[in-house]
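Note that these values count all heavy atoms, side chains included, but never hydrogens, waters or copies made by symmetry. Below, read A as the first sequence line, B as the second, and so on, with proteins coming before strands; counting in each chain starts at 1.
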Number of protein chains: 2
Amino acid sequence: MTNRLETPEYRVFSRFLIAHAKLMREFDATLREVCDIPLSWFDVLVHVSLEPGQRVTHTRLGERTLMSQGGVTRLVDRMVKAGLVARRASRADRRKSYVVLTDSGREKLAEAMPTQLDSIQELFVQHLEDGDTEVMDGFFRRVLGLE
Amino acid sequence: MTNRLETPEYRVFSRFLIAHAKLMREFDATLREVCDIPLSWFDVLVHVSLEPGQRVTHTRLGERTLMSQGGVTRLVDRMVKAGLVARRASRADRRKSYVVLTDSGREKLAEAMPTQLDSIQELFVQHLEDGDTEVMDGFFRRVLGLE
DNA sequence: TGTCAATACTTTCTATGTCAACTATTGCTT
DNA sequence: AAGCAATAGTTGACATAGAAAGTATTGACA
């Protein structure tokens with residue numbers, strides 16, 4: 001039964017899981033050490049800043065960060081308390097509430113972005129050789145059902 | 001600043017993250033639906049069964065499942081309560097306690113293994129084309145610092 | 001042999017996330 | 001316009017995991 005676990009394909013899968021765990025751990029540890037924020041906060045800062053108008057609804061933020069709605073509310077709560085983001089009620093639709101960066105949030109992002117980009121470079125991108133990028137991009141697109 | 005986010009390499013990294021989240025979600029959902037256990041329990045069952053003598057110490061189980069020691073204790077607690085595994089004190093070293101499968105645990109594994117192997121096949125392995133396996137294996141090995 | 005650092009596991013405290021129920025608001029349909 | 005399903009966000013109950021301190025046991029070494 002477990003012999004199917006010993007194929008090269010399964011081994012790749014297994015390494016995929018371990019690599020993911022390792023990367024997440026190190027990204028989080030580095031961001032906490034250098035910038036004093038967890039990876040989840042960095043994610044929010046980035047996704048707010050990437051949005052047109054530098055503002056996101058909770059729902060969209062949930063899609064981007066792959067979190068549940070309740071989870072987003074609480075994550076944003078903590079970041080509001082820390083002063084990195086603020087909520088701004090939408091005029092057009094009073095159910096909506098936009099998440100925006102505060103000055104402090106913008107500063108924190110400017111500080112954390114190079115840190116995180118360096119980590120990604122060092123732990124992930126650096127190991128991409130020759131055609132690896134294209135191969136892996138194709139693979140992940142298929143996994144995600146894109147195109 | 002964010003322009004480095006728009007390179008093909010970063011895009012691969014981003015898809016890697018999204019793919020991981022998607023796969024974990026679906027594996028867990030399928031195992032819960034079909035076999036009524038979470039992915040974390042399946043992981044434990046597999047790692048116990050793969051061990052020589054079909055028994056693992058908590059410490060080793062933690063290394064295998066990438067979990068903290070306290071996390072392992074409680075995860076095993078829950079599975080003991082559910083009757084899938086049991087703890088067996090070590091004679092040689094009375095600090096150690098081995099985790100072993102119960103009959104019920106062995107049955108559950110026999111039921112869950114094909115389910116999970118099918119999921120992995122369908123959601124991951126199926127999308128590996130031609131030389132993809134070798135390319136990705138090499139990449140993940142480098143990421144993990146193997147060899 | 002007595003001491004003490006290391007090891008194995010447990011436990012407490014806390015952080016964080018999910019699910020489902022709830023509230024408010026919107027906008028479609030008649 | 002009234003009714004009502006859909007949408008946005010919050011909240012309560014609960015599940016789970018990590019960090020660090022605590023307990024028991026082992027083994028090395030003076």
Problem - Which residue lies more 5' along DNA chain D, comparing G71(A) with K96(A) via nearest heavy atoms - result: K96(A)
Practice task
Test for a donor-acceptor pair under 3.5 Å between the base of dT7(D) and the side chain of R95(A), counting only N and O atoms.
Solution key: yes
Handout entry: Pair of N/O donor and acceptor under 3.5 Å linking dT16(C) base with R74(A) side chain
Key = no
Practice task
Nearest whole angstrom, please: distance from the C1' of dC9(C) to the CE of M67(B).
Solution key: 14 Å
Completion exercise
In whole angstroms, the gap separating C1' of dG18(D) from CG of D28(A) amounts to 11 Å
Handout entry: Euclidean distance, atom OH of residue Y98(B) to atom C1' of dT7(C) [Å, nearest integer]
Key = 14 Å
Handout entry: Basic-acidic side-chain contact under 4.0 Å: R106(A), D103(A)
Key = yes
Practice task
Write down the distance between CZ (R88(A)) and P (dA8(D)), rounded to a whole number of angstrom.
Solution key: 18 Å
Practice task
Assign R87(A) to base, sugar-phosphate, or nothing according to its heavy-atom contacts below 4.0 angstrom with the strands shown.
Solution key: sugar-phosphate
Fill in the blank from the handout: Of L66(A) and A92(A), the one whose closest nucleotide on DNA chain C sits nearer the 5' end is L66(A)
Problem - Interatomic distance, R60(A) CZ vs dG9(D) C1' [rounded to whole Å] - result: 17 Å
Exercise for the section: Compare every heavy atom of R15(B) with every heavy atom of F140(A), then report the nearest pair and how far apart it is. Expected result: CB-CB, 3.8 Å
Handout entry: Flag for H58(A)-R87(A): side-chain donor and acceptor within less than 3.5 Å
Key = yes
Exercise for the section: Could you tell me the separation between the CG atom of D77(B) and the C1' atom of dT10(C), rounded to a whole number of Å? Expected result: 9 Å
Exercise for the section: Give a yes/no answer on whether the side chain of R78(A) brings an N or O atom under 4.0 Å of OP1 or OP2 in dT16(C). Expected result: yes
Exercise for the section: Describe the nucleic acid contact of T73(B) in one word from base, sugar-phosphate, nothing, applying a heavy-atom distance below 4.0 Å. Expected result: base
Exercise for the section: Figure out the CG/C1' separation between L75(A) and dG17(C), and round it to whole Å. Expected result: 10 Å
Handout entry: With R141(B) via salt bridge (Lys or Arg N to Asp or Glu O under 4.0 Å) - residues at least two apart
Key = D137(B), E147(B)
Practice task
Could you tell me whether F124(A) and F139(B) have their ring centroids closer than 6.0 angstrom?
Solution key: yes
Fill in the blank from the handout: Of dA17(D), dT10(D), dT7(D), the nucleotide closest to the side chain of H58(A) is dT10(D)
Handout entry: d(CG, D43(B); C1', dA17(D)) in whole Å
Key = 15 Å
Practice task
Assign T59(B) to base, sugar-phosphate, or nothing according to its heavy-atom contacts below 4.0 angstrom with the strands shown.
Solution key: sugar-phosphate
Practice task
Return the nearest nucleotide to the side chain of S97(B); candidates are dT10(D), dC9(C), dT25(D).
Solution key: dC9(C)
